[in-house]
*Asks:* 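First the structure, then my questions, so here it is.
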Amino acid sequence: MRRSLNHKVTGFTALLLLAFGALSSCFYLYSYREGVRKELTARGVTMAESLAMSVDEGLASENVDLISHINKISYAQDVVLAQVFSTVWIAYDAYPKNEMGVPPSERAVQYFKGHQKTLFFDDGTHVEFYSPVFYHDYNKSQDSRFIIGYVRLQLSPAQANAALGRAIIVNVLLFLVLTAVMIAILTTCIRRTVLTPLVSLQRSVGRSLNDELPQKVPVGEDDELGVLSRSFNKMCDALEQREASLNEQKALLEEEVLERMSAQDALLEQAGHLEEEVRERQAREAELEAKNAELERFTYTVSHDLKSPLITIKGFAGAVLKDLAVRRYNRMDGDLRRVMDAADKMGLLLNDLLELSRIGRITNPPVPVDMNALAAEVLAQLSGPISQSGAQITVQPELPEVYADRPRIAEVLQNLVENAIKYRGDRSPVAIEIGSREPDGKPVFFVRDNGLGIAPEYQETVFGLFNKLDARTEGTGIGLALVRRIIDFHGGRIWVESEGVGMGSTFVFTLPGAPAPAATTAGGET
Amino acid sequence: MTGEPLCILLVEDNPDHAELALRNLEESKLANKVFHVEDGEAALDFLHRRNQYADEQKFPRPHLVLLDLRLPKIDGLEVLKQIKTSEELQSIPVVVLTTSTAERDIAMAYQYHANSYVSKPVDFDTFSQLLRDLDYYWLAWNKRPW
């Protein structure tokens, strides 16, 4: 346990006062005792000498009655023993009487062999006085006197000792009371002047250690503590001011941080916009590049495929002319038919090319399209080829609605169903299914057949312009290129799934399901 | 000129063009036999004697290949590449005979080591002349390593 300063100060003061008091009491009691002894000795000497004078006549006349004056000594209560001796130390009388036989002390006997003055000494229990008894011969010179006996007086120090005891008790009591009072006064003073300010200082400092502001302490007297308290209070003021300015700066900093954060947010937002813009531009550039490449491919294939029937026409026309020259008619009509067919093919190609070029250039605004109704319309248009091929066509009910250029999507369905009939192979019955699946919420449509199928290596090339798997089949090779172009233009995707030749094929395409917010305005642009 | 029968493989998807070519080649009488296939796959099968062309007697190694570029199934350039990367076939002269005059096609054809590149002329007489010349040059003048 921590011993408080208060206890220490009280303890230290008490110890000091006790030591001081004890020392001074000892000195006082010693001098008191000496005083008592001196008084006792002086009284004893006077009593012994007056006793000697009262018995000189009796001794000179050897009258025992006169000697018995000794009994008068009993007035003094502390007389233990009184004796009258002859010069040869034979006792004449004693008080009390029964103490007659007590011999004189050897010390006195030896002393009076050379001295005539009163002797006194302390044998430890009593104080003894011996005084000579003189006989004065007034007939002779004045100082002619001689010793005719001795008196002995024994006094008890009990009375003096009792007084000393009382003095001790009083002294101790007084000392204790005084000491207690002194301690109380001293500790109170110390507490008031030193401890209380110190404790309040300590408490205040303790508060500051607990992250609170230190409290001001009361300033007492103009001593060191007062100066310390004033300094402490000044420090408190300074701390308070610093705290206040710190709080102010903190608030400013917080505000600045918030400002910076919002500025950063704004910058980030701008950066996001810029990035988006860059991405958009890149996408647009890529789109342009793709379009350029497509255009290049287009002109290339067009020049190739338009040139092809031209070669046929001029070639067989030339052959006919040559045959005419030699009058060889047997293959002429065949050659002319080839010329006609090539011309027809050219016409078809030109029509298809025109159609292809229209996609993206001439568009109908996107509308919600009921795919079931659209499929029914397409199938009605194709009723001729369908019934000729004996194909069985099923349309899945409740196809998802799409948002698209309706006539174009009809073209897509028409091309896919036509292809399915055209490449049916020798499978019987021909089964074609129009349906949809929604793998991730986006409608996906398919046209499935059980026809020739497409080997994996050609599943991409079939969508190329003028690409045909079989040169003998009718058609220009534009159909699937057209379909892909329409689906691309709608932001969808088209691909073919087939296990291989003879396994049938499934043409799958995606279309936007919900109207895009800007679609209505964008649709009217071109 | 060893008396060995000379034969040509004509790879052409357009039946009219094939007919024109065949007629001209027949007139030249240099080639004993002209085989006609309509797509790239058939051309490679013929050259490797696979599938229906497995009979070595019926379908001999051609002395000249006339190759169109735009072919169904396997593209003409791919056929050319496979011929010229095959140790067995690369010595056969391959003349690209196509309607295309595109620079890219010409460049690619030579990159794949075509022996010659000619564009089909639209004019009938020129076409006939070209085929006669080709025939004569590659089968008569040209020396073969085998």
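Letters A, B, ... are given to chains in the order of the sequence lines, protein chains preceding strands, and every chain is numbered from 1.
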*Asks:* How far does CG of B/L139 sit from CD1 of B/I8, to the nearest 0.5 angstrom?
*Replies:*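 B/L139 CG to B/I8 CD1: 4.5 Å, rounded to 0.5 Å.
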*Asks:* Please look at B/T126 and chain A and tell me whether the side chain, the backbone, both or neither of the residue comes under 4.5 angstrom of a heavy atom of that chain.
*Replies:*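 For B/T126, there is no contact with chain A at all, as no heavy atom is under 4.5 Å.
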*Asks:* Which region of B/N24, side chain (C-beta onward) or backbone (N, CA, C, O), has a non-hydrogen atom less than 4.5 Å from a non-hydrogen atom of chain A, or is it both or neither?
*Replies:*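 Looking at B/N24, nothing touches chain A.
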*Asks:* Side chain, backbone, both or neither: which part of B/L69 has a heavy atom under 4.5 Å from chain A?
*Replies:*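 Neither part; nothing is under 4.5 Å.
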*Asks:* What part of A/D335 is in contact with chain B, defined as an atom under 4.5 angstrom from a non-hydrogen atom: side chain, backbone, both or neither?
*Replies:*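 When you check distances to chain B, only side chain atoms of A/D335 fall under 4.5 Å.
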*Asks:* Measuring heavy-atom distances to chain A, does B/R104 have an atom under 4.5 Å in its side chain, in its backbone, in both, or in neither?
*Replies:*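 For B/R104, there is no contact with chain A at all, as no heavy atom is under 4.5 Å.
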*Asks:* Tell me whether the count of non-hydrogen atoms from other residues, nucleotides or ligands lying under 6.0 Å of OH in B/Y110 goes above 12.
*Replies:*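 More than 12 heavy atoms, drawn from other residues, nucleotides or ligands, come within 6.0 Å of this atom.
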*Asks:* Is it the case that over 12 heavy atoms from other parts of the model lie below 6.0 angstrom from the CD atom of A/E296?
*Replies:*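 Result for CD/A/E296: open.
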*Asks:* Against chain A, work out which of B/D105, B/T101, B/L20 has the most heavy-atom pairs shorter than 4.5 Å and name it.
*Replies:*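 Heavy-atom pairs under 4.5 Å are most numerous for B/L20.
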*Asks:* In Å, rounded to the nearest 0.5 Å, how long is the span from CD1 of A/I313 to NZ of A/K345?
*Replies:*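 The distance works out to 11.0 Å.
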*Asks:* Report yes or no: does B/D135 contribute a side-chain atom to a donor-acceptor pair with the main-chain N or O of B/L131 at less than 3.5 Å?
*Replies:*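 No: the side chain of B/D135 does not pair with the backbone of B/L131.
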